[in-house]
Amino acid sequence: METAAGQTPSMVEDPPEVSVAAAAALLRSAYGISAELRMLRSERDRNFLAVADDGRELVLKISNTGDDPAQIAMESAAMRHVEVTDPGLPIPRLLTALDGSSVVLAEAEDGREHLTRLMTVMPGQVGDLVRLPSWFAASFGTICARLVKALQGFGDPAAHRRLDWDPRIVSSLRQYAERLPEERRRAPMQRLLDRFESLPEATAKLPAFVLHADVTLSNVLLGADGIDGVIDFGDMHHTARVADLAISLTSLLRESDDPWPAAREFLDAYQRVLPLEPEEVELIGELVLARCAASTLISAWRAPLYPGNEEYLTSLVAGSWHVLDLWADLDPRELADRFHRICGTSRVDVSAEPALLGRRDSVFGGRTLSPLFYRKPLQAVRAEGAWIEGADGKRYLDAYNNVPVVGHAHPAVVQAIARQAGVLNVHSRYLHPHAIELAERLTASMPDGLDTCVFMNSGSEANDLAWRMARIVTGRSGALAADLAYHGVSEATTAFSTNTYPPSARPAHVGTFEAPRTDADGRQPTEEDARQRVRAGRSELQGHEVALLAVDSVFSSAGILTPTGDFMRGLQDEVRAAGGLFLADEVQAGFGRGGRHLWRFEDYGLTPDFVTLGKPMGNGHPVAALITRREIAEQFAGVDEFFSTFGGNPVSCAAANTVLDVIEESDLVARSGEVGAQLAAGLTELAPAIHPAVRVRGQGLMVGVEIPSEAGVTAEELAERLRDHGVLVGTTGPGGQVLKVRPPLIWQTEHVEIFLKAFALL
């Protein structure tokens, strides 16, 4: 018998010497069961199939003396734990002896005492003795993940033990490389073991539990159309989840001519139950290779010691070399990247790439069609809450992005998206409660009469549909918008996005009204001013009568304006008096940004014919909505139809419902008002340091800082300086001379203080 410090005890102790007759006698004396027995395959223990006189099939398991009694107790407790946490998992059930115990201490013919257990037999054929069916890889991945999930929460001190089969510590088997039967394999194996020296440290920080650690083909039983049994908890120990996965995956890949298709099917199924972390996926390939290496080395060590069991002890060698020959010479980065692509984790973490800008320019048509912010464009790699991190590792306070209205990567929204995406995502012509709930919540938040909701994917689509409806309902074809307005990117909405083209290019069916800028003497436009401006806009229409007046409730592109309620009602009432309909575009203004109501048009006492929602609705997930009156929708439907394939799909609606939940639970409307007031007050105090004529305006967390031409500096230049100080803002307004401060609504006082500190440095 060969011994070595630190080796698994049951690997260096001889298996029990127990005859069939002795096992049958033990079964009668300890359990009161008479049965016919036959010996089963095993490496370290002695297992017997017992067919009792009453027809029951049982397994008598006589453990190696090297096994710790505490370890046997742990295995038994784990099996009972799984029975409770996932009763549907097909694992054996333990039977109690005549004295009520689950484990019996029995003396064998070899003079040693062995711990003995009796358990039910699982049906099916042993996986490594049959041709694997086409469904196996996916079923195997599912059963492996279910068992891991079932064991989460189970703990036992005996689990913290060392096993020679553990792929994380394969380099400790280095001494057996020189015993590999083929001399040509020895030096490459030594180099491979050098590569695996880092595995203990690399896996130490990964999710780890007390796990089965041996769900392999020899321990699963196949039925006609599924896996009917998982057996042998003898290798249980505390290990990294990905190491447990790699043990199972290796077992499958040994039997696959081309390992990649089998790996994909296994991992797809596994992740439907338990999504993996990118750091885990990074090591799958390495751990598979390590497990293959362990199989060849342990065989080289043990097969000569037990020549009578050589066939079993060498059964994994050919398959292990098959995988090693295919993958061991691959660059580790290439191997990891392949698994990242399979698992969907390849694009989560992005590092700085010097050539990225050039690559973008070559396929985006330069920077004229899709311009970037900043003279030195920012490569963003991750974001959380109110912060964005660049590829250079620098964190930036986000004072610009309204799309993540409840903060970047909000965990509740991420959870909702991920969970629903893992269950169902399909077009909106199937019935689903998420869309109905969202429509109910949105219409309930609107004034009486706005009772009909239509979903689509973007604010542009929402405004486009409102325009189509208005034309049919009114029988007219003219549109009015502010002199600097933005309402979308479709052909129709671009026509009344008047900030995107010069006045000379304005279509004949589009007229403008002057945005409500405060006069130099501080006078704000009145209701009568609004009415006159609507009339002036109608006069610009060439051969058209007005069907729709669209207004962004914060006049963002005009420089972030705060008109009076009288002015806004004047717009609404005058266009209706002229036979047109009124649209409140809440894409930028809505979801509580104004700090008083959920919708900004409510501040003005308006009752729009259309309300459009977009960008922030799903915190970045593509979902938008048009809210209108039933009679408008029905009149439109009598002439035309609208269908958005994935507008209102279950995943988008789960995201949007969760955004509403977060806004309500965190009281973000009130917070926007309070924090926005702090922001505006601080900016008003600091602005004269730039120039006495600098003006601050806005409401809630939508603030504009107008930089006059006499200030000697442009808003764009100030935005560049703020970026240098770790703060991101935008520019807007006539000539781009207004700093746009429009952060996520989760900003708190501390974020205002950081922003003002950076602003003071300008």
Any salt bridge linking [X] with [Y]? Criterion: basic side-chain nitrogen under 4.0 Å from a carboxylate oxygen.
X	Y	answer
Arg382	Glu389	yes
Glu706	Arg697	yes
Arg517	Asp483	yes
Arg535	Glu574	yes
Glu353	Arg359	yes

For [X], give me all partners under side chain to side chain donor-acceptor pair (under 3.5 Å), at least two apart in sequence or on another chain.
X	result
Thr526	Asp529
Gln737	none
Glu753	none

Pairs where residues 604-618 contributes a residue and the test salt bridge (Lys or Arg N to Asp or Glu O under 4.0 Å) is met, not counting sequence neighbours
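Applying salt bridge (Lys or Arg N to Asp or Glu O under 4.0 Å) to every pair that reaches into residues 604-618, excluding sequence neighbours, yields Arg576-Asp609, Asp609-Arg629.
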Ala547 versus Ala470, closest heavy-atom pair with distance:
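Closest approach of Ala547 to Ala470, heavy atoms only: O-CB, 3.8 Å.
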How close do Leu549 and Leu571 get, counting heavy atoms only, and between which atoms?
CD1-O, 4.3 Å
Applying ring-ring contact (aromatic ring centres under 6.0 Å, His included) as the test, list every pair that has at least one member in residues 439-471; sequence neighbours left out.
Trp467-Phe496, Trp467-His509
Using a distance-only test with no angle check, is there a side-chain donor-acceptor pair under 3.5 angstrom linking Gln588 and Arg593?
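The answer is no; no qualifying pair exists.
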Quick one: side-chain contact (heavy atoms from CB on, under 4.5 Å) partners of Glu440, sequence neighbours excluded?
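In terms of side-chain contact (heavy atoms from CB on, under 4.5 Å), with neighbours along the sequence ignored, Glu440 is linked to Ile436.
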